[in-house]
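Everything on this sheet refers to the single structure shown next.
Numbering starts at 1 and runs along the sequence shown.
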Amino acid sequence: MKGDRVEIVVDAGDTTRTYEVVATRAGRRVETAVRRGVVEVSEVTRSGSVVRTARFMATRVLALVEQPMPTSDAEDEERA
């Protein structure tokens with residue numbers, strides 16, 4: 001969903017670096033996967049096509065924070 005984002009904090013030797021992958025358009029989502037020692041964060045379309053991918057060595061990843069798009073108070077009231 002547009003606005004979804006994932007922050008990745010990586011150990012870069014003497015410092016840390018923060019990277020962000022954001023769903024930039026309507027209908028896109030951000031997916032994460034850990035395979036064979038690699039953390040992969042991808043922006044994916046509705047049909048499943050990958051738009052962009054960020055890959056990091058799992059041993060270097062310090063934090064992986066998934067942040068869904070913030071909802072408005074009006075939507076929360078409708079669900080209750």
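- Glu31 is linked by a salt bridge (Lys or Arg N to Asp or Glu O under 4.0 Å) to Arg29, counting only residues two or more places apart in sequence or in another chain.
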Output side-chain donor-acceptor pairs under 3.5 Å for residues 59-66, partner residues at least two apart or in another chain, one line each.
from, atom 1, to, atom 2, distance (Å)
Arg60, NH1, Asp11, OD2, 3.4
Glu66, OE2, Thr32, OG1, 3.0

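- Residues forming a side chain to side chain donor-acceptor pair (under 3.5 Å) with Glu40 (at least two apart in sequence, or on another chain): Arg35, Arg55.
- From Ser42, atom OG reaches atom CZ of Arg28 across 12.5 Å, with rounding to the nearest 0.5 Å.
- How far CD of Glu7 is from CD of Gln67: 4.5 Å, rounded to the nearest 0.5 Å.
- Among pairs with a residue in residues 19-67, those fulfilling ring pair (Phe, Tyr, Trp, His ring centres under 6.0 Å) read Tyr19-Phe56, at least two apart in sequence or across chains.
- When the side chain to side chain donor-acceptor pair (under 3.5 Å) test is applied to Thr18, no partner is found at least two apart in sequence or on another chain.
- Residues passing the side chain to side chain donor-acceptor pair (under 3.5 Å) test with Thr45 are Ser47, sequence neighbours excluded.
- Between Arg46 and Gly27, the closest heavy-atom pair is CG-O, 3.2 Å.
- Within the structure, ring pair (Phe, Tyr, Trp, His ring centres under 6.0 Å) contacts touching residues 24-47 (residues at least two apart or in different chains) do not occur.
- Considering only residues two or more places apart in sequence or on other chains, Arg17 meets the salt bridge (Lys or Arg N to Asp or Glu O under 4.0 Å) condition with none of them.
- Annotation for Val51: hydrophobic cluster partners, listed by chain and number, are none (ILVMFWY side-chain heavy atoms under 4.5 Å, direct or chained).
- Considering only heavy atoms from C-beta on, Thr24 comes within 4.5 Å of Arg52 through its side chain.
- The side chain to side chain donor-acceptor pair (under 3.5 Å) check on Glu20 picks up Arg5, with sequence neighbours excluded.
- The side-chain heavy atoms of Val21 and Ile8, taken from C-beta on, include a pair separated by under 4.5 Å.
- Hydrophobic clustering keeps Val41 apart from Val22 (ILVMFWY residues linked when any side-chain heavy atoms are closer than 4.5 Å, directly or through intermediates).
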